[in-house]
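All remarks here apply to the structure that follows.
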Amino acid sequence: MLITYFPIIVSLFAIAFVFFLITGINKAPVAKDKAIAITQAIQEGAISYLKRQYRTVSIVAIAIAIGLLFFMGWKMALGFLIGAFLSGLSGFIGMLVSTQTNTRVAKAAERGLSFALDLSFKGGLVTGLLVVSLGLLAVSGYYFITKDIQALVALGFGASLISVFARVGGGIYTKAADVGADLVGKVEKGIPEDDPRNPAVIADQVGDNVGDCAGMAADIFETYAVTTVATMILGALLFPRAPQFVLLPLFLGSISILTSIVGSFFVKLGKSQSIMGSMYKGLAVSVVLSALGFYPLITKMMAGQEISVDNLYFSTLVGLAVAAGMFIITEYYTSKKYSPVRSIAKASETGHATNIIRGIGLGMQSTAYPVLLIAFGTIISFQLAGIYGVALAVMAMLSISGIVVGVDAYGPITDNAGGIAEMSGMPEEVRKITDALDAVGNTTKAVTKGYAIASAGLAALVLFAAYSQQVIDLSGSLRAANFVLADPKVIAGLLIGGLLPYLFASFLMGAVGKTAGKVVEEVRRQFREIKGLMEGTAKPEYGKCVDIVTKAAIKEMLIPAIIPVAAPILVGVFLGVQALGGLLIGSIITGLFVGISMTTGGAAWDNAKKYIEEGNLGGKGSFAHQAAVTGDTVGDPYKDTAGPAINPMIKVLNIVALLIVPFLI
């Protein structure tokens with residue numbers, strides 16, 4: 001029946017719509033003169049970095065694919081390569097479009113805010129729709145071709161591996177460049193952000209694309225694909241005689257891709273001229289239409305099954321509610337409009353240390369509401385439809401990723417547009433518009449990171465459930481999946497798993513600090529040795545800083561990326577399935593707290609600085625501003641390197657465990 005291939009048809013339609021968007025973007029006028037050279041430098045730096053990154057990752061991927069071919073067969077090896085390739089492709093195309101859109105947004109700002117917003121959001125939407133359409137196409141297409149649900153685990157593993165490298169490498173790149181540029185430019189030389197005299201400014205602009213655009217795309221692609229696979233596996237294991245439970249997540253994803261496309265047309269400035277309001281309008285339409293679309297789908301597909309249609313439907317509503325709740329909570333903690341960010345700004349008046357203390361405290365505090373929301377969502381969906389209900393809730397939450405990633409990828413586009421406007425000397429009115437767009441971009445990036453971490457934690461819970469069910473299925477014993485605290489191996493696994501997010505984050509923070517130090521030395525050297533640089537009569541050697549962060553990011557990403565692959569294998573082989581189960585639980589718990597506190601705290605530091613720069617508490621150049629710059633600099637690797645990289649890390653741990661469990665029993 002043709003309806004069986006509905007997910008594939010929807011995926012191909014969405015990909016066609018993406019190319020329609022790209023065609024429209026390319027027709028928009030480009031900023032002229034100096035802006036062209038700056039744009040080309042950003043494009044060349046981003047493409048050069050991603051090529052080197054993927055070349056390095058491809059060596060690891062091919063080695064793993066050969067191992068899978070030898071031990072598990074061609075379906076697993078091919079699935080792994082497909083997942084890895086499409087994960088990388090979604091980020092690469094999204095990044096290309098982002099670097100082509102930024103200069104057009106700067107030009108569009110000459111015509112007004114609404115034109116610049118429309119173009120920048122469309123640029124971000126390209127990445128968002130590519131992520132979900134390629135993810136759905138990969139999972140549904142490979143499943144319909146092979147009819148082997150276990151091969152999808154390897155596909156998810158391929159996506160996960162690329163995601164870790166993209167998040168880790170891109171995060172190190174973007175924040176080492178950003179921190180290095182700020183420490184010398186803002187703190188030592190007192191020159192503005194994106195000032196063309198700063199030798200690290202091009203590396204900083206490149207970093208926005210490889211970290212926030214390509215990195216986020218690979219991250220959400222992987223979460224989307226892995227959650228879909230895990231829900232399908234649970235459906236197959238729990239309801240072996242009802243294939244509807246396997247196919248349902250694919251159809252839910254299809255519905256939400258269509259609603260995301262419809263919702264994107266509602267991202268328009270209203271009478272209030274609220275940029276954030278226009279984003280939320282598009283998100284709200286997508287969520288409401290998804291909620292309306294899920295009911296007839298579930299009613300038709302799941303009629304007469306052992307779980308009632310209403311319970312399955314309400315499970316999906318729980319997932320959508322958790323997504324909406326994460327948006328609201330994260331915005332409260334990271335937006336300049338609310339007291340948490342303003343409290344950091346206020347603390348800056350008494351010094352650098354009080355800014356740091358308040359920021360760390362706020363990051364810790366910001367974990368409370370999201371974790372409680374996730375806890376209640378898990379309980380309610382479990383009461384409705386068991387562990388499959390939890391999986392459906394997560395699938396529904398992730399189904400709207402198309403427009404969510406669009407809102408996120410809008411951020412680096414507007415950030416770059418502002419940098420191009422500043423560096424090319426475009427009129428002040430243009431910079432005001434790009435600054436307004438960029439300020440909202442900081443909040444949207446924070447909100448979508450909160451969404452990504454919550455979905456990653458829930459996806460990991462679904463993967464853990466699939467792992468437990470797989471253990472039961474292979475061993476033939478319910479007791480095999482009882483991870484009780486009376487077992488010392490389970491306790492050991494819990495402790496090791498709880499350690500991993502901290503160890504992983506420490507490597508990334510250290511890598512950013514070390515690389516930023518090299519950037520600082522290079523920027524100082526150029527200011528010292530290039531005569532006329534500070535006066536603006538000489539040109540900086542931008543390529544030197546780009547080369548430093550490119551080499552360092554490639555080198556520093558390898559060890560952290562290996563941790564989540566090696567840890568479950570070592571624990572599983574030497575301590576067994578019980579300890580491995582404990583490791584997975586421990587990593588999910590601490591990973592959620594570390595990820596949320598870092599991303600929210602870092603974003604709050606950033607917006608506290610921007611709040612002061614708007615003229616509050618003394619404005620730019622004041623003592624409070626100096627302290628806020630320090631807080632923002634510390635928060636950079638929190639929110640854009642270590643925090644977001646926790647997402648793929650905890651999912652890789654779980655997907656590797658799911659992959660190796662047949663060898664452990």
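No experiment lies behind these values; they were computed from the predicted model shown.
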- Note on the structure: Gly263 and Ser286 have their tightest heavy-atom pair at CA-OG, 3.5 Å
- Task: State whether a side-chain donor-acceptor pair under 3.5 Å links Thr414 with Ser120.
- Result: no
- More than 12 heavy atoms from other groups under 6.0 Å of NZ on Lys281: yes
- Message: Quick one, Lys639 and Asp636 - any side-chain contact, counting heavy atoms below 4.5 Å?
- Response: yes
- Note on the structure: Scanning both residues in full, the closest heavy-atom pair of Arg358 with Ala347 reads CB-CB, 3.9 Å
- Message: As a quick check of understanding, evaluate salt bridge (charged side-chain N to carboxylate O under 4.0 Å, His left out) for Lys610 and Asp435, giving each step before the final call.
- Response: CA-CA 10 Å; Lys610 284 186 166 53; Asp435 279 351; over 6 Å; no
- Which of these, Val132, Ile400, Ile403, sits in a side chain to side chain contact (heavy atoms under 4.5 Å, CB included) with Ile257? Val132
- Could you grab the distance from atom CG of Leu373 to atom CD1 of Ile328, nearest 0.5 Å is fine? 9.5 Å
- Query: Would Val440 and Tyr410 satisfy side-chain contact (heavy atoms from CB on, under 4.5 Å), going step by step from the backbone distance to the final call?
  - Reply: CA-CA 10 Å; Val440 171; Tyr410 145 95; 4.0 Å; yes
- Task: Report yes or no: does Thr515 contribute a side-chain atom to a donor-acceptor pair with the main-chain N or O of Val512 at less than 3.5 Å?
- Result: no
- In short, Leu458 meets Ile374 closest at the heavy-atom pair CD2-CG2, 3.7 Å
- Message: Taking the side chain as everything from C-beta on, heavy atoms only, tell me whether Ile47 gets closer than 4.5 Å to Met95.
- Response: yes
- Quick one: does Asn198's side chain have a donor or acceptor within less than 3.5 Å of a partner on Ala181's backbone? yes
- Tell me, yes or no, whether the heavy-atom count around Tyr369 atom OH, taken from other residues, nucleotides or ligands under 6.0 Å, exceeds 12. no
- Message: I'd like to know if the side chain of Gln53 pairs up with that of Tyr173 as donor and acceptor (distance under 3.5 Å, no hydrogens or angles considered).
- Response: no
- d(Ile162 CD1, Ser90 OG) to nearest 0.5 Å is 10.0 Å
- Would a distance-only check, ignoring hydrogens and angles, find a side-chain to backbone donor-acceptor pair under 3.5 Å from Tyr224 to Val131? no
- Message: To the nearest 0.5 Å, what is the distance between NZ on Lys34 and CE on Met423?
- Response: 8.0 Å
- Message: I'd like to check Lys122 versus Thr101 (side-chain heavy atoms, cut-off strictly below 4.5 Å). Are they in contact?
- Response: no
- Task: Heavy atoms only: give me the nearest Ala505-Ile646 pair and the separation to one decimal.
- Result: CB-CD1, 4.5 Å
- Side-chain donor-acceptor pair under 3.5 Å between Ser597 and Tyr638, yes or no? no
- Item | OG-NZ distance between Ser455 and Lys651, expressed to the nearest 0.5 angstrom | 6.5 Å
- Query: Taking it one step at a time, do Leu113 and Leu437 satisfy side-chain contact (heavy atoms from CB on, under 4.5 Å)?
  - Reply: CA-CA 8 Å; Leu113 182 60; Leu437 293 168; 3.8 Å; yes
- Task: Indicate the atoms forming the closest heavy-atom contact of Val206 with Gly45, along with that distance.
- Result: CG1-C, 3.6 Å
- Flag side-chain contact, heavy atom, 4.5 Å: Pro644 against Met649: no
- What do the steps show when you test Ile42 against Thr103 for side-chain contact (heavy atoms from CB on, under 4.5 Å), and what is the final call? CA-CA 10 Å; Ile42 294 170; Thr103 184; over 6 Å; no
- Item | Gap between atom NE2 of His625 and atom CD of Glu613 - 0.5 Å precision | 3.5 Å
- Does a side-chain heavy-atom distance below 4.5 Å link Ser348 with Ile612? yes
- Has the side chain of Asn607 got a donor or acceptor atom that lies under 3.5 Å from a matching backbone atom of Thr334? yes
- Task: Examine the side chains of Asn355 and Trp605 and answer whether a donor and an acceptor come within less than 3.5 Å of each other.
- Result: yes
- Task: Output yes when a side-chain donor or acceptor of Thr367 lies under 3.5 Å from a complementary backbone atom of Gly363, and no otherwise.
- Result: no
- Okay, side chain of Tyr49, backbone of Gly169: is any donor-acceptor separation there less than 3.5 Å? yes
- Item | Verdict with supporting geometry, Val407 and Tyr451, side-chain contact (heavy atoms from CB on, under 4.5 Å) | CA-CA 12 Å; Val407 168; Tyr451 164 86; over 6 Å; no
- Item | Non-hydrogen side-chain atoms of Leu161 and Val652 separated by less than 4.5 Å | no
- Note on the structure: One should read off an interatomic distance between Thr434 OG1 and Met426 CE, to the nearest 0.5 angstrom, of 8.5 Å
- Item | Asn647 vs Lys449 side-chain heavy atoms within contact, under 4.5 Å | no
- Is it true that a side-chain atom of Asn209 and a backbone atom of Gln205 form a donor plus acceptor pair closer than 3.5 Å? yes
- Item | Considering all heavy atoms, the nearest Val168-Ala645 contact | CG2-CB, 4.2 Å
- Task: Answer yes or no: is there a donor N or O on one side and an acceptor on the other, between the side chain of Arg431 and the main chain of Gly418, under 3.5 Å?
- Result: yes
- Less than 4.5 Å apart, any side-chain heavy atom of Thr448 and any of Val405? no
- With distance as the sole test, does Arg104 use its side chain to make a donor-acceptor pair with the main-chain N or O of Ile25 at under 3.5 Å? yes
- Thr174 side-chain N/O to Gly171 backbone N/O, donor-acceptor pair under 3.5 Å: no
